[in-house]
Engineer: 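A single structure is presented below for examination.
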Amino acid sequence: MSEAGPATSGAGPATSEVRAYVLDRDVIRIAGPDAISYLQGQLSQDVVDLAVGASGFSFLLEPQGKVSAWGRITRVADDAIIFDVDHGFADVAIARLTRFKLRTKADIAQLDWQVIAIRGDAGYDTVGDAVIAAFDWPGFAGVGLIGAEVTAPPDMTIGDRAEYERRRIVVAVPAMGRELDASTIPVEAGAAIIDASVTFTKGCYTGQELVARVDSRGNNTPRRLRLVRIDDGVPGAGSELLVDDKVVGRLTSVAPTETGAVALAYVQRAVEPPVATVVVDQAGRRYTSICVPLAGPPSAVGTGERAAT
């Protein structure tokens with residue numbers, strides 16, 4: 001594979017904190033003479049200024065500003081980008097990108113590629129023919145190995161998916177189909193994802209108007225994403241979150257811990273965490289819990305920076 005980017009050094013030694021996770025993700029390639037200019041008008045990240053070998057988070061939005069897809073873009077050549085998204089959302093992203101691709105010299109296709117997430121300071125710059133894609137998120141940073149036949153480095157401890165899901169929830173990395181879907185506007189998922197995924201200094205892109213308007217007026221959306229810590233039990237996603245016996249939100253993702261569970265939930269704006277809550281599942285079982293704020297914003301991976309306000 002000739003698109004591995006500028007990686008040059010050998011693999012560094014793994015540490016005890018480093019884990020590799022085999023993920024279910026879809027990989028899309030957009031390539032051609034017009035690919036970069038076209039994506040500049042479609043994605044929230046600054047694609048033009050993204051160097052070959054660099055990565056960044058990005059939204060792909062509908063014209064009204066709702067989320068079509070969210071994932072990571074990696075520039076693998078002067079005229080090519082790969083966009084990896086949560087499993088099952090390649091068709092949605094491709095359909096959305098194709099809808100506005102009129103007289104544009106760019107090919108869009110899903111690749112039969114795999115993604116392995118390495119989390120921790122492993123020091124890997126190159127692993128065989130894999131594309132090395134950065135993933136910069138507080139407490140969960142690392143790289144992704146993306147390619148047709150990628151495997152975890154032989155010195156790497158393999159983490160299970162249940163562990164990955166728990167860690168994802170704790171640091172509030174949103175997932176398509178759970179925290180993000182066609183009914184979501186980006187700012188509902190929190191300032192962290194906006195800071196990481198949206199470049200406010202680039203030109204226009206599809207869906208920009210709503211993002212810019214909400215940002216300029218402050219986040220007054222009716223709901224916001226929060227972290228919920230649950231005692232003694234694991235309720236299912238979709239369970240209600242109550243404050244003083246009033247429903248204020250629903251759980252979107254849940255993962256067990258040693259003592260209970262952690263969850264993400266969209267919660268009414270009026271609820272100011274930390275606050276004691278009760279989770280009620282579909283069978284009417286009640287779980288004591290606490291709703292807390294999300295972690296701080298991640299560093300933007302790409303080259304675009306938000307304008308000072």
Engineer: Given side chain to side chain contact (heavy atoms under 4.5 Å, CB included), test Ile193 with Phe57 step by step and report yes or no.
Structural biologist: CA-CA 8 Å; Ile193 193 172; Phe57 301 114; over 6 Å; no
Engineer: Do other residues, nucleotides or ligands put more than 12 heavy atoms under 6.0 Å from Asp107 CG?
Structural biologist: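 Open.
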Engineer: Measuring from atom CD1 of Ile118 to atom CD1 of Ile132, what distance do you get when rounded to the nearest 0.5 angstrom?
Structural biologist: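 Between atom CD1 of Ile118 and atom CD1 of Ile132 there are 7.0 Å.
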Engineer: Do other residues, nucleotides or ligands put more than 12 heavy atoms under 6.0 Å from Glu149 CD?
Structural biologist: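 12 or below, so no.
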Engineer: Below 4.5 Å, heavy atoms only, C-beta onward: do Thr252 and Pro174 meet side chain to side chain?
Structural biologist: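 A side-chain contact under 4.5 Å is absent here.
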Engineer: Testing Lys246, Arg250, Arg286 one by one against Glu240 for a side chain to side chain donor-acceptor pair (under 3.5 Å), which residue passes?
Structural biologist: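 Running side chain to side chain donor-acceptor pair (under 3.5 Å) over Lys246, Arg250, Arg286 with Glu240 returns exactly one hit, Arg250.
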Engineer: List the atom of Ser58, the atom of Ser44, and the distance in Å for their closest heavy-atom pair.
Structural biologist: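 Minimum heavy-atom separation between Ser58 and Ser44: OG-N, 3.3 Å.
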Engineer: Tell me the closest heavy-atom pair linking Val85 and Trp70, and the distance in Å.
Structural biologist: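 For Val85 versus Trp70, the nearest heavy atoms are CG1-O, 4.0 Å.
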Engineer: Output the distance between atom SG (Cys291) and atom CD (Gln268), rounded to the nearest 0.5 Å.
Structural biologist: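 Result: 11.0 Å between the selected atoms.
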Engineer: Under 3.5 Å, side chain of Gln208 to main-chain N/O of Phe200, donor-acceptor pair present?
Structural biologist: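 No, Gln208 side chain to Phe200 backbone: no donor-acceptor pair under 3.5 Å.
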Engineer: Is Arg161 reaching over with its side chain to a backbone N or O of Val22, donor-acceptor style, under 3.5 angstrom?
Structural biologist: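 Side chain of Arg161 to backbone of Val22, a donor-acceptor pair under 3.5 Å: yes, one is there.
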Engineer: Given side chain to side chain contact (heavy atoms under 4.5 Å, CB included), test Ile82 with Trp113 step by step and report yes or no.
Structural biologist: CA-CA 11 Å; Ile82 59 172; Trp113 282 12; 4.2 Å; yes
Engineer: With rounding to the nearest 0.5 angstrom, report the CZ to CD1 distance, Phe83 to Ile108.
Structural biologist: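 One gets 11.0 Å once the value is rounded to the nearest 0.5 Å.
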Engineer: Val171 and Tyr164: same hydrophobic cluster, using ILVMFWY side-chain contacts below 4.5 Å?
Structural biologist: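 Per the 4.5 Å side-chain linkage, Val171 and Tyr164 are co-clustered.
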Engineer: Are any side-chain N or O atoms of Thr199 and backbone N or O atoms of Thr201, one a donor and one an acceptor, separated by less than 3.5 Å?
Structural biologist: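 Flag not set: sc Thr199 to bb Thr201 has no pair under 3.5 Å.
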Engineer: Are Val228 and Ile290 close enough that some pair of their side-chain heavy atoms sits under 4.5 Å apart?
Structural biologist: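 Val228 does not reach Ile290 side chain to side chain.
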Engineer: Does Ile36 reach the side chain of Val48, with side-chain heavy atoms less than 4.5 Å apart?
Structural biologist: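 SC-SC contact between Ile36 and Val48 confirmed.
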Engineer: Looking at Glu258 and Arg166, does any basic side-chain N land under 4.0 Å from a carboxylate oxygen?
Structural biologist: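 Looking at Glu258 and Arg166, the cut-off is not met.
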Engineer: Distance from Tyr287 atom OH to Asp231 atom CG, nearest 0.5 Å?
Structural biologist: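 Going from the OH atom of Tyr287 to the CG atom of Asp231 covers 12.0 Å.
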Engineer: In Å, rounded to the nearest 0.5 Å, how long is the span from OG1 of Thr74 to CZ of Arg29?
Structural biologist: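 Atom-to-atom, Thr74:OG1 and Arg29:CZ are 13.0 Å apart.
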Engineer: Using the rule given for side chain to side chain contact (heavy atoms under 4.5 Å, CB included), can you reason through Arg96 versus Leu61, listing the C-alpha separation, both sets of side-chain angles and the distance that settles it, and then say yes or no?
Structural biologist: CA-CA 8 Å; Arg96 161 61 183 81; Leu61 301 175; 5.6 Å; no
Engineer: Taking side chain as C-beta onward, heavy atoms only, is Val267 less than 4.5 Å from Val243?
Structural biologist: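 The answer is no; the side chains never approach within 4.5 Å.
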Engineer: Look at the side-chain heavy atoms of Ile, Leu, Val, Met, Phe, Trp and Tyr, link any pair under 4.5 Å apart, and say whether Tyr266 and Leu241 land in one connected group.
Structural biologist: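 No, Tyr266 and Leu241 fall in different hydrophobic clusters.
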Engineer: Sort out for me which residue in Leu60, Ile81, Asp84 forms a side chain to side chain contact (heavy atoms under 4.5 Å, CB included) with Ile73.
Structural biologist: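 So the option named by the test is Ile81.
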Engineer: Report yes if some heavy atom in the side chain of Leu97 is under 4.5 Å from a heavy atom in the side chain of Leu39; otherwise report no.
Structural biologist: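 When only atoms from C-beta onward are counted, Leu39 and Leu97 do touch, with a gap below 4.5 Å.
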Engineer: Give the minimum heavy-atom separation between Val67 and Met176, together with the two atoms involved.
Structural biologist: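 Heavy-atom minimum between the residues: CG1-SD, 4.1 Å.
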Engineer: If you compare all heavy atoms of Ser37 against all heavy atoms of Asp34, which two are closest, and at what distance to 0.1 Å?
Structural biologist: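 In this case the closest contact between Ser37 and Asp34 is OG-O, 3.1 Å.
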Engineer: Checking the side chain of Glu62 only, and the main-chain atoms of Ser68 only, is there a donor and an acceptor separated by less than 3.5 Å?
Structural biologist: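 It does not hold such a pair.
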Engineer: Tell me the closest heavy-atom pair linking Leu50 and Gly56, and the distance in Å.
Structural biologist: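 Nearest heavy atoms, Leu50 then Gly56: CD1-N, 4.5 Å.
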Engineer: Between Asp49 and Lys202, is there a salt bridge with N-O shorter than 4.0 Å?
Structural biologist: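 Judged by the 4.0 Å cut-off on N to carboxylate O distance, Lys202 and Asp49 do not form a salt bridge.
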Engineer: Is Leu294 linked to Val262 within one hydrophobic cluster, defined over Ile, Leu, Val, Met, Phe, Trp and Tyr using a side-chain heavy-atom separation of less than 4.5 Å?
Structural biologist: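 Linked within one cluster.
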Engineer: Between Pro235 and Leu251, is any pair of side-chain heavy atoms under 4.5 Å apart?
Structural biologist: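 Yes. Closest side-chain heavy atoms under 4.5 Å.
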Engineer: Are Leu242 and Val275 in one and the same hydrophobic cluster, where Ile, Leu, Val, Met, Phe, Trp and Tyr link if side-chain heavy atoms are under 4.5 Å apart?
Structural biologist: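 No, because Leu242 and Val275 fall into different hydrophobic clusters, even though each may have its own neighbours under 4.5 Å.
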Engineer: Between atom CD1 of Ile94 and atom CG of Asp26, what is the distance when rounded to the nearest 0.5 Å?
Structural biologist: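 Spacing of CD1 (Ile94) from CG (Asp26) equals 8.0 Å.
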Engineer: Between Phe140 and Phe135, how do the two ring planes meet: parallel, tilted or perpendicular, split at 30° and 60°?
Structural biologist: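 Judged by the thresholds at 30° and 60°, the geometry between Phe140 and Phe135 is perpendicular.
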Engineer: Evaluate the side chain to side chain contact (heavy atoms under 4.5 Å, CB included) criterion for residues Arg229 and Ser289: first the C-alpha distance (whole Å), next the side-chain angles of each, then the deciding distance (0.1 Å), finally the verdict.
Structural biologist: CA-CA 5 Å; Arg229 299 187 182 278; Ser289 58; over 6 Å; no
Engineer: Is any side-chain N of the basic residue among Arg178 and Glu165 closer than 4.0 Å to the acidic one's carboxylate O?
Structural biologist: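 Counted as a salt bridge, because a side-chain N and a carboxylate O are separated by less than 4.0 Å.
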Engineer: Identify whether Leu180 and Ile28 are in the same connected component of the hydrophobic contact network (ILVMFWY, side-chain heavy atoms under 4.5 Å).
Structural biologist: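 Yes, Leu180 connects to Ile28 through the hydrophobic network.
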Engineer: Do the non-hydrogen side-chain atoms of Leu264 and Leu227 ever get within less than 4.5 Å of each other?
Structural biologist: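 Yes - at least one pair of side-chain heavy atoms lies under 4.5 Å apart.
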Engineer: Shortest non-hydrogen contact from Arg168 to Glu179?
Structural biologist: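 For Arg168 and Glu179, the tightest heavy-atom pair comes out as NH1-OE1, 3.0 Å.
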Engineer: Should Met156 and Val18 count as side-chain neighbours, where that means a heavy-atom distance under 4.5 Å?
Structural biologist: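 When only atoms from C-beta onward are counted, Val18 and Met156 do touch, with a gap below 4.5 Å.
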Engineer: Counting only heavy atoms from other residues, nucleotides and ligands, does the tally under 6.0 Å from CG of Asp112 exceed 12?
Structural biologist: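 Counting other residues, nucleotides and ligands, CG of Asp112 stays at 12 neighbours or fewer.
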